[in-house]
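Only one structure is covered here, and it is reproduced in the block below.
For clarity, every value in this text was computed on a predicted model and none was experimentally measured.
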Amino acid sequence: MKTPLLIAAIFFTGLAFAQEKKTDSVKTKSIEGVTLTKQVFKKQSDRFVYDVAASPVAKGNTTFDLLKQTPLLSSTDDKTLKIAGKNNAIIYINGRKTNMDADSLVQFLKNTPAENIQKIEVITVPGSEYQVESSDGIINIVLKKKMSDGLSGNMRMSNSQNKFNGSDASFSANYRKNKLGISANLSGGENIGAQSYILRNGNSLSSNESVGDINDPNKNLGGYLNIDYQLTEKSNLALSWNTWANKSYNSTVNLFNTIRSYDDKKKDYITNYTNSRNKEDARSYNNSVNLNYELKTDSLGSKLNVNAAYLNYKRFQFTDNKTYLANSLGQDTGLSQTIYQNLPQIINNFSGTVDYIQKLKNDFTVSIGGNYNKTKTDNDTKNDTYRVNPPAPIKKEEHMPNHFIYDENIYGAYLTIEKKFSDKLSGKVGARYEITKSLGTANAPLNPDKTMQYQEIKRNYNNFLPYLSFNYAINDSNNISYSFSSRMRRPSFWEINPVRNILTDDNYTQNNPFVKASSTYNQELTYMYKSSYFLILNHSYYKDQITQVPLQGYPVAPDGTVGPRNVLRYIRTNFGDKQEMSAMLGIQKSFFKQYLTTNFNIGFQHNINNGSLDTDPTTGERFKNKEGEFITYTNNIRSTSMVIQTNNTVRLDKKKTWFLGVNYFFVDKQQIELGMLKNLMSLDLSLKKIWNEWTFALNVNDVLKTNIVEIEDYQANGNYNYVRNDQYRRGMTLSITYNFGNQKVKKVRDIEGASDAIKSRTR
């Protein structure tokens, strides 16, 4: 089920430490399938570079699998990639940001073979020339490039077994002839995403518990087409088209609810039981096209890059949420309430970027550019409630339409100056200036008698965002670097769409059109020894942090009307300030004549939370406990947690055809916005056989079934909140990959779309 649920909070903590693979020292000439002419693992002025080349790690894997095993990268949910100490990882290919929304990108990476990857660059603190938000880092995937003309490609098929069975298949082809290059991919699959939940909230006088399952069937189909033509020796013209479609029909939620409250008259507790049986049909479509022109202006590498792009994203979602009265055995005794929700979202984006890089003598580079993004989202939602024998004064029917339209214009310009002072010292300084103008309009009911009101929400703000970094190679064995960056985070489009995503009658998430952009200030200090050992210190300060906050109690409307039931709302809002400090120590080496390649990292993170909320910003309601006292949710807790991760590849034969993988991560408990997140860990095993152009792989994930999310929160006012979410990550995947054709084909240039800065905010 695509509803952004409570579990999402874990991925806003910025905690993500290395999952790695690769190789080791400068002096190594050949490391099991990887022919090296330079360092495999090194720190450049603004990025870490890992040369994977023809490593067997890539053979038979998907791009997503390979990224999970890259140093400084990790994924605890097999859906999102994190960089150590960062909130999110933005994916680039050959220096160009990928042209997809968040959901489509994950499927794309999981369906794209990794054989053609040359190296992976991790930019932990991006410079001013990059359009990124908050503490986002960049993962730049550099593809192999060969000069031969011809046709090549690969086919990959896989079957996975978790709680349910799933399958995927992909076909990729690359063609190059003289000045023309064409690259295409078609992939698809189907699976059923399964989750189980235990939700508890309340206090000593009243409590709710919901226990049950969510099953979300998915069918995916998509691909891309890139056409690149060399106009002259100095100029290229390229057209890129990406498309992805998802269909998720008959997604179900089945929860058994126990509602317990204290009766003042009887001086005893009363327990009621209900069943929440929700059904959802959803489908989404993503289409984007980008036209790129590149002109090389001199022999030093100076160039002009111009992009024009259009993005269309559509999502249609219909939910049927039924609440049944039940007995203590969970058997239905009668229908109590039905809520029909129609939650469409349509996004159109027109964008343009111009970048110019001037290379000067004496290793001096000036970069200047600008961008423009115009986005319009249309969300014509409907929320209709039908109740059976409701108690007074609750009405039998309630219709809550809300047509929310959001227009946003972003103007940006940047200037970056980079200088290599010597073979040892280099630095970069720059700044971005961004102007954001947005207008949200909504036609929403003022009260249950259907009186309509018209709302306007304007946001106009300017931001000056400086950047600074330097890199100093003390000698051949020691390197130190420092970076500072100021960024902002705009809310995602679904976060400001003012709808409720209902889980049970008393538990739901609430989006918020009043969320404003937050600011982030990042600092990072890195020390590296012999290209095998590294220490990374990071500090991030978030102002007006955007997160999900639980408010519970009896809602009190602005006119003083008190709701009849205790409810729990997970509200998207700005929640005070937050600091994150982390330290990570890592070692990366090969042993026993490269029969064992290991990467071990240990890190610590200290979180300082400082936020409070007492009012639902979307309705103006406050919350009271059973004694009639107003309730404020606060989180000013500090916590320190430890993370351990190690990836190991064992070569099992001299011919380099059999490989065993052993990967493990441990994330200690830590305080997040929703409460105390208990520890997470996972042991993953893999076995791989390479036979000519065929690769057979078997992966077993979460062998010990320990990657289960638990969040617990106790407030000083007596309220508590508990979440247990099992996404059935234990399972196995069998895959077969076949490479065909001329494997020396030069890859088509991957072009950054002008609208790419908008993709991660779709959904």
Has [X] got a side-chain atom pairing as donor or acceptor with [Y]'s backbone, closer than 3.5 angstrom?
| X | Y | value |
| --- | --- | --- |
| Arg572 | Asn512 | no |
| Thr615 | Pro617 | no |
| Asn511 | Asn497 | yes |
| Ser582 | Phe604 | no |
| Ser422 | Leu425 | yes |
| Asp544 | Lys516 | no |
| Asp616 | Gly620 | no |
| Ser518 | Gln545 | no |
| Asn379 | Phe404 | yes |

[X] and [Y]: side-chain donor and acceptor closer than 3.5 Å?
| X | Y | answer |
| --- | --- | --- |
| Asn371 | Arg432 | yes |
| Asn478 | Tyr527 | yes |
| Gln715 | Asp713 | yes |
| Asn292 | Asn305 | yes |
| Ser240 | Asn290 | no |
| Asn522 | Ser485 | no |
| Ser302 | Gln358 | yes |
| Tyr414 | Asp355 | yes |
| Asn607 | Asn609 | no |
| Asn312 | Asn348 | yes |
| Glu580 | Tyr541 | no |
| Tyr521 | Gln523 | no |
| Gln579 | His539 | yes |

What closest approach, in Å, do [X] and [Y] show between heavy atoms, and which atom pair accounts for it?
| X | Y | result |
| --- | --- | --- |
| Glu456 | Thr441 | CG-CG2, 4.0 Å |
| Pro498 | Gln510 | C-NE2, 4.2 Å |
| Tyr633 | Gly675 | OH-N, 4.1 Å |
| Phe514 | Thr618 | CE1-CA, 4.2 Å |

Could you check Ser519, Ser540, Pro126 and say which one makes a side-chain contact (heavy atoms from CB on, under 4.5 Å) with Arg487?
Pro126
Does a side-chain heavy-atom distance below 4.5 Å link [X] with [Y]?
| X | Y | value |
| --- | --- | --- |
| Gln548 | Ile571 | no |
| Leu295 | Tyr293 | yes |
| Val125 | Tyr482 | no |
| Thr353 | Ser351 | no |
| Asp136 | Ile138 | no |
| Leu613 | Thr632 | no |
| Thr640 | Gln605 | no |
| Tyr92 | Ile139 | no |

Take a 6.0 Å sphere around CG of Asn475 and say whether it holds more than 12 heavy atoms from other residues, nucleotides or ligands.
yes
Inspect the surroundings of NZ in Lys296 and state if more than 12 heavy atoms from other residues, nucleotides or ligands are less than 6.0 Å away.
no
I would like to know whether Ile347 and Phe493 meet side chain to side chain contact (heavy atoms under 4.5 Å, CB included); could you show each step before the answer?
CA-CA 9 Å; Ile347 300 175; Phe493 298 120; 3.8 Å; yes
Atom pair CG (Leu415) and OG (Ser128), whose distance is rounded to the nearest 0.5 Å:
8.0 Å
Audit row: Asn610, Arg638, side-chain hydrogen bond (donor to acceptor under 3.5 Å, both in side chains) steps and yes/no
CA-CA 9 Å; Asn610 184 22; Arg638 302 185 178 195; over 6 Å; no
Apply side chain to side chain contact (heavy atoms under 4.5 Å, CB included) to residues Leu677 and Lys669 and explain how you reach the verdict.
CA-CA 5 Å; Leu677 171 67; Lys669 66 179 182 179; over 6 Å; no
Only distances under 3.5 Å count here; give the side-chain donor-acceptor pairs of residues 460-467 to other protein atoms, sequence neighbours excluded, each with its distance to 0.1 Å.
residue	atom	partner	partner atom	Å
Asn462	ND2	Tyr433	OH	3.4
Tyr467	OH	Ser469	OG	3.1

What verdict does the side-chain hydrogen bond (donor to acceptor under 3.5 Å, both in side chains) test give for Tyr372 and Asn409, after you've listed the backbone C-alpha separation in whole Å, the side-chain angles of each residue and the deciding distance to 0.1 Å?
CA-CA 7 Å; Tyr372 170 67; Asn409 292 273; 2.8 Å; yes
Between Ile141 and Ile91, is a side chain to side chain contact (heavy atoms under 4.5 Å, CB included) present by the stated rule, with each step listed?
CA-CA 8 Å; Ile141 302 168; Ile91 305 297; 4.0 Å; yes
Run the numbers on Glu408 and Lys376 for side chain to side chain contact (heavy atoms under 4.5 Å, CB included), then give the verdict.
CA-CA 6 Å; Glu408 181 183 77; Lys376 181 177 182 179; over 6 Å; no
salt_bridge(Glu129, Lys428) N-O dist < 4.0 Å:
yes
The ring-ring contact (aromatic ring centres under 6.0 Å, His included) partners of Phe48 (sequence neighbours excluded) come to none
When you look at Ser426 and Asn471, which way does the side-chain hydrogen bond (donor to acceptor under 3.5 Å, both in side chains) test go after all the steps?
CA-CA 5 Å; Ser426 62; Asn471 187 73; 4.5 Å; no
Below 3.5 Å, can you tabulate the donor-acceptor pairs from side chains in residues 359-369 to any protein atom, sequence neighbours excluded?
none

With salt bridge (Lys or Arg N to Asp or Glu O under 4.0 Å) as the test, would you mind laying out the steps for Glu294 and Lys303 before giving the verdict?
CA-CA 7 Å; Glu294 182 179 274; Lys303 62 181 180 179; 3.7 Å; yes
Evaluate Gln670 against Ser639 for side-chain hydrogen bond (donor to acceptor under 3.5 Å, both in side chains), listing each step before the verdict.
CA-CA 6 Å; Gln670 61 171 304; Ser639 67; 5.6 Å; no
Please walk me through it: do Arg489 and Glu495 pass salt bridge (Lys or Arg N to Asp or Glu O under 4.0 Å)?
CA-CA 12 Å; Arg489 161 152 143 59; Glu495 290 178 308; 3.2 Å; yes
